[in-house]
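Comments concern the structure below.
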Amino acid sequence: MSKISRRKLLTTGLLATAGATGLGAAAKLAERYGLIPPDAGVLYGTGETLSYAAQRLFARHSLAPEFARSQISKDPFANPVSPLGAEFQHLQEGGFADWRLAVDGMVAKPVSFLLAEIKSFPRSTQITMNGCEEGWSYIAEWSGPRLAHILSLVGVLPQVRYVVYRSFQPDWWDSIDMADALHPQTLLAVAMNGSELPVPFGGPLRLRVPRQLGYKNVKYITQLTLTDNLKKFGKGLGSASPEGGYAWYAGI
Ligand SMILES: Nc1nc2c(c(=O)[nH]1)N[C@H]1C(S)=C(S)[C@@H](COP(=O)(O)O)O[C@H]1N2
Ligand SMILES: [Mo]
């Protein structure tokens with residue numbers, strides 16, 4: 001089934017659940033379950049907003065499609081990033097030995113992991129698609145520890161609802177809810193197609209959240225912050241993306 005028709009089906013399901021009273025009732029249902037995305041009202045109408053609620057109510061544990069090794073793209077496209085600068089180059093020259101991932105916010109025990117520690121954690125491997133909102137996509141094999149594993153090491157407080165993730169590039173930050181954060185396909189990728197994750201593809205550390213579009217898959221991850229409320233981050237929209245016209249929830 002195409003992405004669009006699946007989305008439409010899910011939203012229709014939510015509307016059906018809400019009954020003949022329609023969109024307004026569905027929106028109330030979404031609100032009751034705390035499923036209003038942080039950028040609701042900024043960019044989209046009710047129907048679009050409801051695709052997030054519908055996914056979480058009816059397909060919370062759905063899996064992104066996985067592919068055969070023979071389907072891996074021969075020539076994956078790395079979307080160019082703005083210059084990473086001298087500090088990044090210095091880290092790269094040192095084999096990223098000093099690259100750190102800070103995990104903080106609403107946790108029992110804030111931790112700063114060295115890249116070597118992250119690489120020593122049990123890895124999960126997936127062959128999934130990375131798709132840009134501009135229309136192109138490629139299939140690759142990614143591996144790295146599950147985000148859920150990293151979170152299990154820091155003592156996530158029960159009221160946490162979102163993981164905010166930041167990049168070495170300050171303009172790139174985003175967040176996902178706990179359904180995606182704890183999802184088995186959500187990884188902190190350290191390898192791609194059997195080699196170290198190349199810098200153009202986000203090396204040394206990239207968030208892979210294959211249930212969402214490419215732009216949620218932020219490269220050069222340096223920090224994870226657990227929170228119960230996205231209002232205090234940036235402009236309060238849960239990500240830099242809605243500020244530029246892209247939805248916070250980019251489920252496929
Ligand atoms: N740090 C950082 N992460 C980023 C970007 C970026 O410019 N900087 N571009 C995003 C966009 S718009 C897309 S579509 C994907 C592209 O992934 P690719 O380079 O592996 O094709 O990375 C995303 N992650
Ligand atoms: Mo993109």
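Every value quoted in this text rests on a predicted model; they were computed, and no experiment measured them. Atoms within each ligand, like the ligands themselves, are counted from 1 in listed order.
Distances between N or O atoms of Phe77 and those of ligand 1 include at least one value under 3.5 Å. On a distance-only criterion, Asn130 and ligand 1 share at least one N/O pair closer than 3.5 Å.
Contacts of Ser167 with ligand 1, taken as heavy-atom pairs under 4.0 Å, involve the side chain alone. Only the side chain of Trp136 comes within 4.0 Å of ligand 1, counting heavy atoms alone; its backbone N, CA, C and O stay farther away. With a heavy-atom cut-off of 4.0 Å, Tyr220 touches ligand 1 through its side chain alone. The part of Gln169 lying near ligand 1 is the side chain, judged by heavy-atom distances below 4.0 Å. Looking at Met192 against ligand 1, nothing comes within 4.0 Å, counting heavy atoms.
Screening Arg60, Gln212, Gln185 against Asp180 for a side chain to side chain donor-acceptor pair (under 3.5 Å) leaves a single residue, Gln212.
Remark: aromatic rings of Phe88 and Phe96 are close, center separation under 6.0 Å. Aromatic ring centres of Tyr138 and Phe201 lie closer together than 6.0 Å. Ring centroid separation for the pair Trp172 and Tyr220 does not come in under the 6.0 Å cut-off.
Distances below 4.0 Å separate heavy atoms of Cys132 from the following atoms of ligand 1: 14 (S). The ligand atoms of ligand 1 that sit less than 4.0 angstrom from a heavy atom of Ala78 are 19 (O), 21 (O). Under a 4.0 Å criterion applied to the non-hydrogen atoms of Arg206, ligand 1 contributes the atoms 15 (C), 16 (C), 17 (O), 18 (P), 20 (O), 22 (O), 23 (C). Counting the atoms of ligand 1 from 1 in the order shown, those under 4.0 Å from a heavy atom of Asn217 are 22 (O), 23 (C), 24 (N). Atom numbering of ligand 1 starts at 1 in the shown order; those under 4.0 Å from a heavy atom of Val81 are 6 (C), 7 (O), 8 (N). Heavy-atom contacts of Gly214 reach the following atoms of ligand 1: 13 (C), 14 (S), 15 (C), 22 (O), 23 (C) (cutoff under 4.0 Å).
When hydrogens are left out, the protein atom nearest atom 3 (N) of ligand 1 is Lys219 N, 3.0 Å; that is the closest non-hydrogen contact. If you check which protein heavy atom lies closest to atom 20 (O) of ligand 1, you get Tyr138 OH, 2.5 Å.
Between the CZ atom in Arg56 and the OH atom in Tyr33 there is a gap of 15.5 Å [rounded to 0.5 Å].
Selection from Tyr215, Trp142, Trp172 by nearest heavy atom to atom 9 (N) of ligand 1 gives Trp172.
Using a 4.5 Å heavy-atom cutoff, the side chains of Tyr249 and Gln55 are in contact. The shortest side-chain heavy-atom distance between Asn229 and Tyr162 does not fall under the 4.5 Å cut-off.
Of all heavy-atom pairs spanning Leu230 and Val164, the tightest one is CD2-CG2, 3.7 Å. Annotation for Thr49 and Ala40: closest pair CG2-CB, 3.8 Å, computed over non-hydrogen atoms.
Heavy atoms of other residues, nucleotides or ligands lying less than 6.0 angstrom from NZ of Lys109 number 12 at most.
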